[in-house]
Amino acid sequence: MKLEREDFDLTCIEMAKFLLGKFLVRKLEDGTILKGKIVETESYLGRLDKASHSYGGRKTPRNEPMYMSVGTAYVYMTYGIYHCFNISSKEPGAAVLIRAVEPTEGLNHMHKLRLKAMKSRNLSKIFKDSELCNGPSKLCMSLNIHKEICNKLNLLDNDILWLENPSENLDFDIVPAKRIGIDSAGEEWAMKPLRFYIFGNTFVSKRDLEAEKSIKLPK
DNA sequence: TTTTAGATCGTCT
DNA sequence: GACGATCTAAAAT
C-alpha cells in the first residue's frame, strides 16, 4: 500500500527512522517495477547542520528541493559521476539521504542498470544481490534514479517513484550511527548519530560496530 | 583485509 | 578555481 500524506508529516530524524523497513518503488518507462526495502538512511538537518547542503540557510538552485513540501525527492550529482537521492522532511532545508536498500523485486533489471552505469567495460561482472544497492549512489544506479527524471518529484504524487508500507509488520532494532563521508564538515557534526540502519541487515553499506554495542541484542 | 589513487563535472565561491 | 553526502580497481599489509 502506498504511503499517504498523513503518514508522512515528519521531522528529519523522525523520517530517517520511519523510512527504515518501508519499500521504495521505481517504475521504469517500459513499466518494469523495481522494488526494495529501505535499510539505511541519514538525516541532514538543515541550517544548523554543517554537513548539510543547506547549512547556514543556504538556498541554491541545486538544493531547492530541500525546501519543498514533505516527500519531495532531492536528487543531485556528486563527484561528477554519481547521484544521491534524498527525501525532504517537514523542516525547511532538511532531508533524509537514502543510503541502502535491500532489493526485493526486479533484481535482474537492477543488475543490468548497475552494470550500465559503471564506467568500466567489464560487462561480465556479476554483482552479488547485496552489492546492488548498498550505498547511496549504487542504489541510484540500480534503480535508475537520476536528476533529469526524479529530482523534485513528490513521492506521494506520481507513478515513477514512490513509497509503500510493508505487507506485514516488521520487527527490527535501529542502530543510530555516525554519518559517512562528511569529515570535512568538522568533527562535531561528523560524529553526531544521524545515520540509522536496521540492526543485523546484510544490505547495509557500512556497519558501525561501536554503535552496535549500545543496541540491545535480540533474544 | 585495509588503504590509496583516480575518475570527472556540476555547483558554488 | 576548488571541491565533493562516492565508487572501483589496484596496491599494500
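Side chains included, hydrogens not; waters and symmetry mates left out as well; all remaining heavy atoms used. So you know, we letter chains A, B, ... as the sequences are listed, proteins then strands, and number each from 1. Because the structure is a prediction, the values reported are computed rather than measured.
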Pull out every protein N or O sitting under 3.5 Å from an N or O of nucleotides 2-11 of chain B, one pair per line with the distance.
{"unit_1": "dT8(B)", "atom_1": "O2", "unit_2": "Tyr79(A)", "atom_2": "O", "d": "2.6"}
{"unit_1": "dG10(B)", "atom_1": "O3'", "unit_2": "Lys147(A)", "atom_2": "NZ", "d": "3.4"}
{"unit_1": "dT11(B)", "atom_1": "OP1", "unit_2": "Lys147(A)", "atom_2": "NZ", "d": "2.4"}

Margin query: Does Ile182(A) reach a base, just sugar-phosphate, or nothing at all? Heavy atoms under 4.0 Å.
Written below: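 Sugar-phosphate contact only.
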Check: At under 4.0 Å between heavy atoms, what does Arg195(A) touch on the DNA or RNA strands: base, sugar-phosphate, or nothing?
Finding: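 No contact.
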What integer distance in Å separates [X]:[atom1] from [N]:[atom2]?
X: Lys206(A); N: dT8(C); atom1: NZ; atom2: C1'; result: 16 Å
X: His53(A); N: dT13(B); atom1: NE2; atom2: P; result: 11 Å
X: Met118(A); N: dT8(C); atom1: CE; atom2: C1'; result: 6 Å

Notebook entry, point to check: Under 3.5 Å, is there a donor-acceptor pair between the Asn63(A) and Lys59(A) side chains?
Noted result: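 No, no side-chain donor-acceptor contact under 3.5 Å.
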Next item on the list: Using a strict 4.0 Å threshold on nitrogen-to-oxygen distance, state whether Glu91(A) and Arg47(A) make a salt bridge.
Entry: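 No salt bridge links Glu91(A) with Arg47(A).
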Checklist line | Per-nucleotide pairing state of DNA chain B [Watson-Crick or G-U, under 3.5 Å; [ ] pseudoknot-crossing; | other strand] | finding: |||||||.||||.
Notebook entry, point to check: Taking the hydrophobic residues Ile, Leu, Val, Met, Phe, Trp and Tyr, and joining any pair whose side-chain heavy atoms are under 4.5 Å apart, which ones share a cluster with Ile33(A)?
Noted result: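 Reading the cluster by chain and number, Ile33(A) sits alongside Val25(A), Trp162(A).
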Notebook entry, point to check: Are Tyr74(A) and Tyr76(A) close enough, and set up right, to give a ring pair (Phe, Tyr, Trp, His ring centres under 6.0 Å), and what steps lead you there?
Noted result: CA-CA 7 Å; Tyr74(A) 170 35; Tyr76(A) 67 89; 5.2 Å; yes
Check: Quick one: does NZ or CZ of Arg99(A) land under 6.0 Å from the six-membered ring centre of Phe196(A), within 45 degrees of the ring axis?
Finding: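 No, Arg99(A) does not sit over the ring of Phe196(A).
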Margin query: Is there a side-chain contact between Arg99(A) and the phosphate of dT6(C), meaning an N or O under 4.0 Å from OP1 or OP2?
Written below: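 So the side chain of Arg99(A) is within the cut-off, an N or O lying under 4.0 Å from OP1 or OP2 of dT6(C).
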